[in-house]
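Note on naming: letters A, B, ... go to the chains in the order of the sequence lines (proteins, then strands), and numbering restarts at 1 for each one.
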Protein chains: 2
Amino acid sequence: MYSKELLKGTLRTIILNLLSGNGKMYGYEITQKVKELSDGKIQLTEGALYPTLHKLEAEGFLTTETMNIGKRVRKYYTLTETGSEKSASKIREFSDFVATMQTVLGGLKTSEGK
Amino acid sequence: MYSKELLKGTLRTIILNLLSGNGKMYGYEITQKVKELSDGKIQLTEGALYPTLHKLEAEGFLTTETMNIGKRVRKYYTLTETGSEKSASKIREFSDFVATMQTVLGGLKTSEGK
DNA sequence: TGCATTACCTAAGTAATTTATGTATATTTG
DNA sequence: CAAATATACATAAATTACTTAGGTAATGCA
């Protein structure tokens, strides 16, 4: 686990990108997927995830469908068109940020071009 | 400029690493160096920088020397031994974080090993 | 001489998170 | 079969790293 501050600002990027790659997903599924992909290194907390999903929906980046699984409710999220665009721009932003940081930190790993 | 949230949690890493590479530096110098290295993309605010420097000093990672330039005061910061270790571990942490993010985001650029 | 730059600093406000808590169903295990 | 764990949603208070705003003062320049 990292000093979690690094994660700040990446939650939206992660959510949007996962939905972009996997189609519709529900909240709990997202937490599990991230945990799996990150080898347990990133564990989204529900207190952060759900409010963020709600915000993304309110902002028009996601739409929801509610599904009944037995007696339980499951809420699937899907990217809207603007959501897809947002996902792409978020990835670009993150990518650009990392590149800048590498320059500032004196080129740690990757792209030692020049 | 990025959505500045990404910068959160990187300030200490940046400061420690810059001092590690450049020897003693003073606050204002750090802001200028970061601006230069990042091509203006990262502009440290003084409201964030100075308190952080003070904290790093209080935690034993930095020591200070005050210098008089004419009638103005300049405060130079130098890494302590634990500060150097901290710098290295911060870099490792950031590096590891980026690698993890790349996996989660589906390998954007770099290290497409496999 | 007045505006930008250098150089330090602190305090109030903001926003993304964590921690804590709540509810309820489903599944595994001893 | 009861109890613990996992699934699945949610909100609210507390934390915290930051931004914004404010302050002081010397120096350089047009």
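In terms of the ring-ring contact (aromatic ring centres under 6.0 Å, His included) criterion, residue partners of B/Y76 (sequence neighbours excluded) are, by chain and number, B/Y26. For B/E57, the side chain to side chain donor-acceptor pair (under 3.5 Å) partners are B/T64, not counting sequence neighbours. Listed by chain and residue number, nothing satisfies the side chain to side chain donor-acceptor pair (under 3.5 Å) test with B/S89 (two or more places apart in sequence, or in another chain). Every side-chain contact (heavy atoms from CB on, under 4.5 Å) that B/T82 has, sequence neighbours left out, goes to B/F61, B/T80, B/E85.
The nearest pair of heavy atoms linking B/G27 to B/L53 is CA-CD1, 4.0 Å. When all heavy atoms of B/L105 and A/F94 are compared, the pair lying nearest together is CD1-CD2, 3.9 Å.
Proximity of a side-chain donor or acceptor of B/S87 to a complementary backbone N or O of B/G83 within less than 3.5 Å is not detected. Between the A/S38 side chain and the A/V34 main chain, a donor and an acceptor come within less than 3.5 Å of each other.
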Could you tabulate the donor-acceptor pairs under 3.5 Å formed by side-chain atoms of residues 9-24 of chain A, not counting sequence neighbours?
| from | atom 1 | to | atom 2 | distance (Å) |
| --- | --- | --- | --- | --- |
| A/T10 | OG1 | A/L7 | O | 2.4 |
| A/R12 | NH1 | A/E59 | OE1 | 3.0 |
| A/R12 | NH2 | A/E59 | OE1 | 3.4 |
| A/R12 | NH2 | A/E59 | OE2 | 3.2 |
| A/K24 | NZ | A/E65 | OE1 | 3.4 |
| A/K24 | NZ | A/E65 | OE2 | 2.5 |

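Rounded to 10 degrees, the angle separating the terminal axes of the helix from C/dT1-D/dA30 to C/dG30-D/dC1 is 20°, with each axis obtained from five end pairs.
In this entry the distance linking CE of A/M67 with C1' of C/dT25 reads 18 Å, nearest Å. As rounded to whole Å, 13 Å separates atom P of C/dA7 from atom CG of B/L49. B/K71 places its NZ atom 7 Å from the P atom of D/dT27, with the value rounded to the nearest Å. Look at CD on B/Q43: it is 11 Å from P on D/dT19, rounded to the nearest Å.
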Expected string for nucleotides 3-16 of chain D under the B/S/- scheme (protein heavy atoms, under 4.0 Å, primed atoms plus P, OP1, OP2 as sugar-phosphate) is ---SBSBBBB----

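Taking 4.0 Å as the cut-off between side-chain N and carboxylate O, B/E5 and B/K8 do not count as a salt-bridged pair.
Within residues 56-66 of chain B, no residue places a heavy atom under 4.0 Å from DNA chain D.
Counting only residues at least two apart or on different chains, no salt bridge (charged side-chain N to carboxylate O under 4.0 Å, His left out) pair has a member in residues 72-84 of chain A.
Of the two residues near DNA chain C, A/L11 and A/G70, the one whose nearest nucleotide lies more 5' is A/L11.
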